[in-house]
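For reference, the structure I am asking about is given below.
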Amino acid sequence: MSTMQNIVLTQPDLEDGMAVSRLVASCPPLDTNSGYCNFLQCGHFLSTSVAAKLDDELVGFISGYLVPERPDTLFIWQVAVSTSVRGQGLASDMLQHILDRTDCKGVHYIETTITQDNLASWALFEAFSTKLSAEMTSSVWLKKEQHFEGEHPSESLVRIGPFNNQPVNHNGEAMQIFADMESEVQSYARSFPRIFNRAKGEFMWDEFGNRYLDFLAGAGTLNYGHNNDLFKQTLLDYIKDDGITHGLDMHTKAKGEFLHTFNDKILKPRGMEYVMQFTGPTGTNAVEAAMKIARNVTGQQNIVTFTNGFHGVSLGALAATGNSHHRNAAGVSLSGIHRMPFDGYLGDNIDTTEYLDKVLSDSSSGINSPAAVIVETVQGEGGINTASLEWLRNLQTVCRKHGILLIVDDIQAGCGRTGDFFSFEEAGIEPDIITLSKSLGGYGLPLAVVLMKPELDQWKPGEHNGTFRGNNLAFVAAKSAIDHYWSDNKFSNDVKRKGRYITERLTDIVEKYGTGNFNIKGRGLFQGINCVNGEIAGKITKAAFAKGVIIETSGADDHIVKFFCPLTISDDNLKKGIDIVESAIKEVCAKTDDIPESVVYFEAS
């Protein structure tokens, strides 16, 4: 493979500043700016600058900016290419890379300044003007004696254009296979129409080398980031040693070590005693098993679930889900559920657990004695609706009063997302059954479990099973994740600290934009901004994606902008990501004449 094929083009990062300074210094006759200028280039001109890296070494750099009074003009500030890769067209590729970006779609002119002796730059821009089929003109702009007091050669202003800038078509031939072969059911791919081919930590890269901050985190599967080095080598060593990959529910060393670690570092320190059942590898499998356990043990059929809840899309879990978009696809009646209002659904001053208590106490309420209540402490897909700690405690009290099992669906809110390993810890409740999945697998590997009180484990052998309930690679990564992040409280405290920062930032944002109609929701690193309607929230996430942040919406009307970055994100990148989303919010609000108010159905008395 040639050197050029191994070079990755991407937006520069602040940490590239000194590497840029060294590269420019090695490329005479280029002017060497101060290191401070190079940091500004890498920090403030991301969308119009490009870094070329070969095995993480900076081998090329171009910095530019859109001329404020002429936004159709891209001014190229500096071009530098390492001697090790010259003569292969890298500078031209970097220029095209910048023009292909969304922020440059309105560019029809390129300007730069070149000294008479910089023959390489003259050749580059002459060739590029030919490539664009555009005229190139030049004239002396900054004169040696008049402007530089004789200490610097005259600089000619070079102008290329006008040209018809057609950014790269991300829906081109490479994307066609997905249109031809993949089902219409795909969803995230529609919001982020790129072909991604690399990821690390809190970043993802597309096939053109564009880097994106990931504020989606696999919908909660990547709490520890992409390709975490703390787990990677452990997994590679396990595979190299021909460790068991698939073991059904047979006893394996990897499973045993995971069970020991989970019990010793998660359960015992919290005074929790549970039996673990391995279900199929996704969250909905765990929910199905949990509801089946509750029904079998109690002899009752119905499960109490809540408005705006989301528990999966297999039929049993789908019955417990509130979203009509998913429910309408079932094709059959969805039964076995009593739906109750979630905390805050009837207004801030109404404790809906009192309503639940009432209907369970009234033999004429039409609510049969249920087997269990299933609840999310934070409803992720439902709009980041957050149950108060008091409400959760009251819910447990009602369940115990009426002899009903309490199931906490911690699939998205668990594994540290709210700060504690379990999202219900701060409330001090003790669920009878807990479902876990998503980030439990540590490395993004599929793994789902049900935790149940020992007396509830009344399964007959093989009564509930699944071919992939023995994902040993996930056991290895999950053990490693617990060892590294949950052996003490340091990681948990750091997540809570970052959560407080997000709360401060989002509070400031909703005070500045949305004419007072926006509000924040959630807790920990599970927060969002209620933009009142889906159109506004969709425009914000689309604008943020164009600026380099992958972020989704949630809620019944997709009206919540959902901040869901990896828990391991650096402080700098957390700030950077929120800064970008804030700029998208500012941009969208400036173009929106009227921000609607939330509809209040139940006025406080």
Side-chain angles (χ1 to χ4, degrees), residues 183-194 212-221 283-284 306-313 317-318 320-330 342 344-345 376 378-386 411-413 417 438 502 506 509-510 513-515 517-523 525-547 549-565 577-578 580-589 591-601:
S183 166
E184 290 296 322
V185 78
Q186 59 186 290
S187 61
Y188 290 113
R190 299 179 189 278
S191 299
F192 313 111
R194 299 290 186 273
Y212 301 85
L213 268 170
D214 184 4
F215 271 44
L216 175 61
T221 304
T284 193
F306 293 94
T307 52
N308 291 303
F310 182 89
H311 300 283
V313 294
L318 184 57
T321 292
N323 187 285
S324 61
H325 173 73
H326 295 100
R327 291 174 62 83
N328 290 343
F342 190 69
Y345 191 78
E376 303 160 275
V378 183
Q379 295 182 323
E381 302 308 306
I384 317 189
N385 307 308
T386 307
I411 289 166
Q412 190 165 122
R417 177 55 60 178
K438 290 193 181 284
I502 293 177
L506 300 195
I509 289 171
V510 300
Y513 309 106
T515 62
N517 294 335
F518 290 175
N519 59 74
I520 68 171
K521 310 185 76 175
R523 58 188 175 98
L525 266 66
F526 198 159
Q527 298 192 52
I529 294 179
N530 176 12
C531 299
V532 188
N533 76 26
E535 182 179 358
I536 293 173
K539 288 179 179 178
I540 290 169
T541 56
K542 184 176 182 179
F545 182 60
K547 296 173 183 289
V549 172
I550 298 171
I551 188 167
E552 70 164 332
T553 59
S554 76
D557 300 312
D558 292 318
H559 56 291
I560 308 293
V561 176
K562 184 179 179 184
F563 292 75
F564 217 61
C565 57
I578 296 176
I580 291 172
V581 178
E582 180 176 1
S583 72
I585 292 172
K586 180 180 179 180
E587 177 183 303
V588 171
C589 288
K591 298 176 181 178
T592 304
D593 295 330
D594 183 38
I595 305 291
E597 296 182 16
S598 296
V599 177
V600 178
Y601 290 94

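Both backbone and side-chain heavy atoms feed into the values below; hydrogens, waters and symmetry mates do not. Positions are given from 1 along the sequence. Since the structure is predicted, the reported quantities are computational estimates derived from the model, not experimental observations.
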Donor-acceptor under 3.5 Å (D558 side chain, S554 main chain) | no

Taking side chain as C-beta onward, heavy atoms only, is F215 less than 4.5 Å from I550?
-> no

Is it true that R190 and E184 have a side-chain N and a carboxylate O under 4.0 angstrom from each other?
-> yes

Side chain proximity check, F564 to L525, heavy atoms < 4.5 angstrom | no

Donor-acceptor pair, T553 side chain versus A537 backbone, under 3.5 Å?
-> no

With the side chain counted from C-beta on, respond yes when I509 and Y513 share a heavy-atom pair under 4.5 Å apart, and no when they do not.
-> yes

Tested for side chain to side chain donor-acceptor pair (under 3.5 Å) against Q412, the lone hit among E381, E376, Q379 is E381

Checking S183 side chain against V185 main chain: does a donor-acceptor pair fall under 3.5 Å?
-> yes

Is any side-chain heavy atom of I560 closer than 4.5 Å to a side-chain heavy atom of K521?
-> yes

Could I get the full list of salt bridge (Lys or Arg N to Asp or Glu O under 4.0 Å) partners for E552, not counting sequence neighbours?
-> K562

Do H311 and T284 come within less than 4.5 Å of each other through their side chains, counting heavy atoms only?
-> no

Polar side-chain atom of R327 near backbone of T321 as donor-acceptor pair, under 3.5 Å | yes

R194 vs Y212 side-chain heavy atoms within contact, under 4.5 Å = yes

D214 side chain reached by C565 side chain, heavy atoms, under 4.5 Å | no

Can you name the nearest heavy-atom pair linking A556 to N308, along with the distance?
-> CB-OD1, 4.1 Å

Within a reach of under 6.0 Å around CZ of F192, are more than 12 heavy atoms found that belong to other residues, nucleotides or ligands?
-> yes

Do any N or O atoms from the side chain of R523 and from the backbone of T386 form a donor-acceptor pair under 3.5 angstrom?
-> no

Using 4.0 Å as the upper bound for N to carboxylate O, is an ion pair formed by K539 and E587?
-> no

